[in-house]
Each structure stands twice: as C-alpha cells, then as structure tokens.
Amino acid sequence: LSGERSADRRVRHESGRLAAQHRPGWPRGHPGPSLTNRYSGPVIEDTLLEAMDKMEKAVEHTRSQFATVRTGRASPALVDRLNIEYYGAQVPLQQLASISVPEARQLLIKPHDRGSLESIEKAIRESDLGVNPNNDGIAIRLSLPQLTEDRRREYVKVAKNMAEDGRIVLRNVRRDARKAMEAEEKSGEVSEDELDRAEKELDKVTTEHVDQIDDALGRKEQELLEV
C-alpha cells in the first residue's frame, strides 16, 4: 500500500510539472512561476498548482461576468447566457439560437427552433437588460438605447460587485491552500522553511490574480463611462 501511495504521488507530481509548462496569463512557452525542484516532495507543488488553476478559473469567470454588463455597444455576451425555458428545462440562449451584431447597438437572435421564439422574448423582457425585443416571427432584434449617465454609473457598481466576488473567491482559494500546506507541515511532510517559502509564493500568486481582476475591472469601467 505504501508503494502504491508513493507511485500515486509520483504520478501527480509529474502531471503537476506538465501542467506548469504553460500558465494562462503568461506568454506561450513561459511556464509561469517555477515550482519544480523548490520543494522536497510533490505535496506543496500539487497544492500550489491546484490553487493557481482555481485562481485562473476565478479570473476567467469574473471576466465573463463583466461581458454580461451592458456598455454602449452590442455584444452577444449580453444575452448568450440568458436562461430560456425550453420544453420544461432552463437552457442558455447560446444553445438555442445564433446571436449576431448587425449594427453597433443592435443584436439579432435567430433561434434554431422557431417554437422557442416566445420563450426567448419572455426571458428578455423579464431580464434586467432594459430593452424591448422585436419579434418578427423568424428572429428577435434588440435595439440597445444609449445609456444615460446614471445608468452607466449604476452598471459600474454592478461590475465592482462582480470584481469583489472574484476577489473573495481568490482569498478563499488562498485560505484553503494555506490550511492544506500547514497540515502537511504539522504531519512532517514538509519542513517549516518550505512552508514559509510556499506561503510567500501563494501570497504572490494571489496578488497577481487580484491584479488581473482589477485590470479587467478598470477596462470595463472605461468602456461603461465612454460616451
């Protein structure tokens, strides 16, 4: 059994090193933060790599959330995740229709099944988009009105809340990773010095991902306040 556990750790260690060959957010070919050979065993490396992967996903999720916030321009991201009732199930609009941008402030939604037109129209009316869908029996057109100054600032607050949600996820990932590493130090798997180095690296990685969210928020704010 002990041999099986050792083999399992070697496999996870090798997979972790492979995963580190390219980190999203770093130039292609750049491995990002180097973890290889910095610790006596795979335990800390595995924990750090797992935390980094979760943080990257949190940043990507936050960016995708930003895309759903209206600006002065039309974008399929405004509606593609809108849930539509379709044969008793809630289905994302992007799975039911093609969404295009024929004009700068207009969206064209063409369902694959015309029978879903009414459900799509209903979901749009009940959403917080603030637009009236034009259903011609074949497709739905959405004309996005120019945002008022008050509405722009309201959407900035929405984006800031999304960013804070993303930061909270990052902090929670850091907390869980730190607990896992401290448990390994207490069990004798890693030394106190290794734990100290790993915690500093974890803090650095967390800061880098928080900065990515802050940068994305800054760009979103600029888009929203652009007249």
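Note that these values count all heavy atoms, side chains included, but never hydrogens, waters or copies made by symmetry. Throughout, numbering of the chain's residues begins at 1 and tracks the sequence.
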Does any part of the side chain of [Y], heavy atoms only, come nearer than 4.5 Å to the side chain of [X], both counted from C-beta?
| X | Y | value |
| --- | --- | --- |
| Thr68 | Met162 | yes |
| Pro76 | Gln94 | no |
| Pro145 | Val131 | yes |

**Message:** Does Glu154 have more than 12 heavy atoms from other residues, nucleotides or ligands lying within 6.0 Å of its CD?
**Reply:** yes
Nearest-0.5 Å distance, [atom1] of residue [X] to [atom2] of residue [Y]:
| X | Y | atom1 | atom2 | value |
| --- | --- | --- | --- | --- |
| Lys110 | Ile138 | NZ | CD1 | 7.0 Å |
| Glu194 | Glu184 | CD | CD | 11.0 Å |
| Leu48 | Met181 | CG | CE | 5.0 Å |
| Thr206 | Asp211 | OG1 | CG | 10.5 Å |
| Ser191 | Asp196 | OG | CG | 9.5 Å |
| Gln106 | Ser100 | CD | OG | 8.5 Å |

How close do [X] and [Y] get, heavy atom to heavy atom, and via which atoms?
| X | Y | answer |
| --- | --- | --- |
| Pro111 | Ile120 | CG-CD1, 3.8 Å |
| Leu217 | Phe66 | N-CE1, 3.5 Å |
| Ala74 | Leu144 | CA-CD1, 3.6 Å |
| Met55 | Val205 | SD-CG1, 3.8 Å |

**Prompt:** Do you know which of Leu108, Ile124, Asn134, Ile99 makes side chain to side chain contact (heavy atoms under 4.5 Å, CB included) with Ile140?
**Reply:** Ile124
**Request:** Determine, step by step, whether Glu201 and Arg197 satisfy the salt bridge (charged side-chain N to carboxylate O under 4.0 Å, His left out) criterion, reporting the C-alpha distance in whole Å, the side-chain angles of both residues, the deciding distance to 0.1 Å, and the verdict.
**Result:** CA-CA 6 Å; Glu201 185 146 24; Arg197 289 202 307 274; over 6 Å; no
Under 3.5 Å donor-acceptor pairs involving side-chain atoms of residues 77-92, not counting sequence neighbours:
{"from": "Tyr86", "atom 1": "OH", "to": "Asp113", "atom 2": "OD2", "distance (Å)": "2.8"}

Show which side-chain atoms of residues 163-174 pair as donor or acceptor with protein atoms under 3.5 Å away, not counting sequence neighbours.
{"from": "Glu164", "atom 1": "OE1", "to": "Arg167", "atom 2": "NH1", "distance (Å)": "2.9"}
{"from": "Glu164", "atom 1": "OE2", "to": "Arg171", "atom 2": "NH2", "distance (Å)": "2.8"}
{"from": "Arg167", "atom 1": "NE", "to": "Asp214", "atom 2": "OD1", "distance (Å)": "3.0"}
{"from": "Arg167", "atom 1": "NH2", "to": "Asp214", "atom 2": "OD1", "distance (Å)": "2.9"}
{"from": "Asn172", "atom 1": "OD1", "to": "Arg175", "atom 2": "NH1", "distance (Å)": "3.3"}
{"from": "Asn172", "atom 1": "ND2", "to": "Ile168", "atom 2": "O", "distance (Å)": "3.4"}

**Prompt:** Under the side-chain contact (heavy atoms from CB on, under 4.5 Å) criterion, do Asp203 and Arg178 qualify, and how do the steps go?
**Reply:** CA-CA 10 Å; Asp203 287 341; Arg178 179 172 285 133; 2.7 Å; yes
For the pair [X] and [Y], find out whether any cationic side-chain nitrogen is under 4.0 Å from an anionic carboxylate oxygen.
| X | Y | result |
| --- | --- | --- |
| Arg63 | Asp215 | no |
| Glu60 | Lys57 | no |
| Lys54 | Glu50 | yes |

**Prompt:** Would you say the side-chain atoms of Thr148 pair up with the backbone N or O of Arg151, donor to acceptor, closer than 3.5 Å?
**Reply:**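 Yes.
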**Message:** I'd like to know if the side chain of Arg152 and the backbone of Leu224 have a donor-acceptor N/O pair within less than 3.5 Å.
**Reply:** yes
**Prompt:** Given the rule in the side-chain contact (heavy atoms from CB on, under 4.5 Å) test, do Arg153 and Leu225 qualify, once you have shown the distances and angles that lead to the verdict?
**Reply:** CA-CA 7 Å; Arg153 296 196 178 279; Leu225 297 176; 4.3 Å; yes
**Prompt:** Can you name the residues that form a salt bridge (charged side-chain N to carboxylate O under 4.0 Å, His left out) with Lys179, not counting sequence neighbours?
**Reply:** none
**Request:** Go through the steps to decide whether Lys186 and Glu182 satisfy the test salt bridge (charged side-chain N to carboxylate O under 4.0 Å, His left out), and finish with yes or no.
**Result:** CA-CA 6 Å; Lys186 288 179 181 178; Glu182 288 173 351; 5.8 Å; no
